[in-house]
Amino acid sequence: MLQVPYIKQHVALVKERLAVKHFGETALVDEIVALDDQRKKIQFEFDTIQAKVNAASKQIGQLIAKGLKEEAEQAKQQVAAFKQDINTLSEQLAETEKQLNETLVKLPNLPSDKVPPGKTPEDNVVVREGGVKPQLPADAAPHWDLITRYDLIDFETGAKITGSGFPLYKGRGAKLQRALVQYFLDFNTAAGYTEYLPPFMVNEASAYGTGQLPDKEGQMYFMPADNFYLIPTSEVPVTNIYRDTIVKETDLPVKMTAYSPCFRREAGSFGKDVRGLNRVHQFEKVEIVQLTHPDKSYEVLEEMVSHVGKLVNTLNLPYRILKLCGGDMGFASALTYDFEVFSAAQQRWLEVSSVSNFEAYQSNRARIRFKDANGKNQLAHTLNGSSLALPRIVACLLENNQTKEGILLPEVLHPYFGGGIIN
RNA sequence: GGUGAGGUGGAUGAGUGGCUGAAAUCAACAGUUUGCUAAACUGUCGUACGGGUAACUCUGUACCGCGGGUUCGAAUCCCGCCCUCACCGCCA
């Protein structure tokens with residue numbers, strides 16, 4: 001969430017930046033200012049009275065020690081007079097803090113000034129294109145046909161076991177998943193990321209820490225018996241490794257990578273968007289996460305984009321990088337680059353990665369801090385990106401590399417897959 | 001799931017009602033000493049929110065797993081929950 005002191009000092013600017021995100025409820029900003037003023041006022045009163053009570057209590061102790069029982073009794077009665085005020089004020093304080101927090105959490109992160117204007121995905125700016133779009137014959141098959149032809153995924157049985165959108169990978173389809181995950185993790189660890197294998201369910205505090213709650217509550221699977229959420233991305237558990245911690249400045253940047261399955265309810269999706277692997281409820285993904293010094297986060301963002309670009313490149317897939325416009329960005333993000341690969345048989349771009357700088361938005365919620373050179377605690381910046389999400393990569397690998405002889409896999413995967421062709 | 005023990009500052013760990021925001025040790029940081037390293041010595045060394053200030057400083061409140069309660073006063077007593085460890089049960 002945004003930091004209250006910053007909001008109060010930059011009311012007009014905050015509203016202006018929120019407009020870039022096409023966030024309409026700017027009245028919330030004024031509410032926050034008012035609530036925080038109120039909070040301070042109540043706290044001051046409360047502290048003042050409490051200080052008196054504390055002093056009196058100390059005195060009572062001394063009186064009793066001296067055996068002055070009557071004086072002690074008198075003092076007790078004086079303290080009792082404060083009791084009512086204390087109770088009232090502490091209730092008011094708790095209520096105001098609660099309201100303030102609830103309001104604060106409704107505000108999205110401010111977009112960086114590098115964010116292009118615009119409202120819809122059409123307004124996103126292509127910053128780079130790479131790779132070559134293959135020329136496929138007219139009878140080229142979409143990936144869902146290829147999946148059937150080579151018996152890689154059994155969607156029907158997955159639906160039988162669980163429900164639609166839960167693919168059952170099979171044979172070489174399953175092995176390809178394993179190969180990709182392994183390759184991606186190796187690629188990331190070679191670049192200095194520490195590998196983690198996190199829990200796939202998180203508690204409420206973790207989901208709140210990275211901003212999934214309360215904003216995206218309906219998009220996560222929830223286990224009511226234990227109050228756990230199935231993770232929509234390993235960003236959640238991995239970022240929360242550092243929740244409520246203060247790291248040394250010299251430990252920054254913290255670079256982490258993790259594989260996990262991702263669970264998303266994707267309520268309301270339908271049509272050709274969800275065909276085959278385009279959109280599923282459970283998929284595999286390898287994620288990269290960094291915690292950085294605030295001065296370095298944009299530099300690191302570019303570095304992460306470049307890292308993911310290299311990875312996509314090694315797969316020989318045509319891709320493009322988009323800088324998301326204000327209206328298409330995520331709630332918690334300050335600047336986001338999307339990676340899309342070109343699905344030649346469907347003739348459309350498919351998102352395979354989203355690399356974002358969250359600045360201090362997540363770290364403020366999760367209290368991820370570092371001690372700076374002056375000994376002051378500062379919020380770190382958090383960044384993360386997919387590196388990479390599997391299903392759409394697989395869709396493109398299959399479609400773009402189809403030949404009469406079979407699917408020709410990119411060379412980097414051969415050692416992981418134990419071969420270069422699916423036929 | 002059952003039984004028992006326990007959760008205190010970066011770590012170990014003392015503290016069973018006021019003198020404790022918290023001993024001691026270790027780690028860390030700064031300095032002195034030293035040819036360098038090491039050792040020794042000295043000092044610093046929790047977080048959050050307020051008040052006051054030009055600022056360093058000063059000052060108030062809260063926090064000893066979390067939430068309630070008792071009390072003039074709670075790390076300390078009571079209740080609920082969570083977590084950790086050990087043993088048992090079950091089990092990949």
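Per chain, numbering begins at 1; letters A, B, ... match sequence-line order.
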Q: Would you mind classifying the nucleic acid contact of A/Gln43 as base, sugar-phosphate or nothing, using non-hydrogen atoms under 4.0 angstrom?
A: base
Re B/rG35: Watson-Crick or G-U wobble partner, both distances kept under 3.5 Å, found to be none
- Would you say A/Lys371 reaches B/rU47's phosphate, i.e. side-chain N/O to OP1/OP2 under 4.0 Å? yes
inquiry  = For A/Glu95 and A/Gln38, which I'm curious about, is there any donor-acceptor pair between the side chains at under 3.5 Å?
reply    = no
Open item on the list: Heavy-atom count check: over 12 atoms from other residues, nucleotides or ligands less than 6.0 Å from A/Lys160 NZ?
Closed with: no
Rounded to whole Å, CD of A/Glu97 lies from P of B/rC63 at a distance of 13 Å
* **C1' atoms of B/rA38 and B/rU84, separation to the nearest Å** => 39 Å
Taking a pair to mean Watson-Crick or G-U wobble geometry with both distances below 3.5 Å, B/rG17 pairs with none
Any idea how A/His281 and A/Tyr221 line up, ring-wise: parallel (<30°), tilted (30 to 60°), or perpendicular (>60°)? perpendicular
Under 3.5 Å, which protein N or O atoms sit close to an N or O of nucleotides 72-79 of chain B? Give each pair with its distance.
unit_1: B/rC72; atom_1: O2'; unit_2: A/Ser57; atom_2: OG; d: 3.0
unit_1: B/rG73; atom_1: OP1; unit_2: A/Lys83; atom_2: NZ; d: 2.8
unit_1: B/rG73; atom_1: O4'; unit_2: A/Ser57; atom_2: OG; d: 3.4

Using Watson-Crick geometry (N1-N3 plus N6-O4 or O6-N4) or G-U wobble (N1-O2, O6-N3), each under 3.5 Å, B/rU70 is paired with none
Any strand, both distances under 3.5 Å, Watson-Crick or G-U wobble: B/rC45 pairs with none
Across every strand shown, the nucleotide meeting Watson-Crick or G-U wobble geometry with B/rG4 (both distances under 3.5 Å) is B/rC85
Notebook entry, point to check: B/rA54 and B/rC58: how far apart are their C1' atoms, nearest whole angstrom?
Noted result: 15 Å
Taking for A/Asn377 and for A/Gln62 the nucleotide of RNA chain B with the nearest heavy atom, the one nearer the 5' end belongs to A/Gln62
In Watson-Crick or G-U wobble terms, with both distances under 3.5 Å, the base opposite B/rA11 is B/rU25
Any strand, both distances under 3.5 Å, Watson-Crick or G-U wobble: B/rA92 pairs with none
A/Asp226 CG to B/rC81 P, in whole Å, measures 16 Å
Practice item. With P as the reference atom in both, quote the distance from B/rA11 to B/rU47 in angstrom, rounded to an integer. Key: 13 Å
Can you classify the ring geometry of A/Phe222 versus A/Tyr229 as parallel (below 30°), tilted (30 to 60°) or perpendicular (above 60°)? tilted
Work out how far the P atom of B/rA62 is from that of B/rU76, and round it to whole angstrom. 14 Å
Between CD1 of A/Ile246 and P of B/rC29 the distance, given in whole Å, is 17 Å
Interatomic distance at P, B/rA75 relative to B/rA23, whole Å
15 Å
Q | Separation between the P atoms of B/rC64 and B/rC77, rounded to whole Å | A | 13 Å
note: A/Phe46, atom CZ; B/rC63, atom P; distance rounded to Å ~ 9 Å
- Task: May I ask you to decide if the ring planes of A/Tyr259 and A/Phe200 are parallel, tilted or perpendicular, using 30° and 60° as cut-offs?
- Result: perpendicular
- Hey, does the side chain of A/Ser206 reach the backbone of A/Val202 with a donor-acceptor pair shorter than 3.5 angstrom? no
Look only at the side chain of A/Ser333 and the backbone of A/Leu335, and say whether a donor-acceptor pair between them is shorter than 3.5 Å.
yes
When rounded to whole Å, the CZ to C1' distance for the pair A/Phe82 and B/rU61 reads 15 Å
query: Side-chain contact, heavy-atom cut-off 4.5 Å: A/Leu315 with A/Phe184?
result: yes
| field | Below 4.0 Å: OP1/OP2 of B/rG50 and any side-chain N or O of A/Arg39 | value | yes
* If you measure from the Lys or Arg side-chain nitrogens to the Asp or Glu carboxylate oxygens, is any gap between A/Arg367 and A/Asp244 under 4.0 Å? -> yes
Considering only atom C1', compute the distance from B/rG46 to B/rA28 and round it to an integer number of Å. 14 Å
When the P atoms of B/rG31 and B/rA14 are compared, how many Å lie between them, rounded to an integer? 35 Å
Exercise. Using a cut-off of strictly less than 4.0 Å, decide whether A/Arg369 has a side-chain nitrogen or oxygen near OP1 or OP2 of B/rA48.
Key: yes
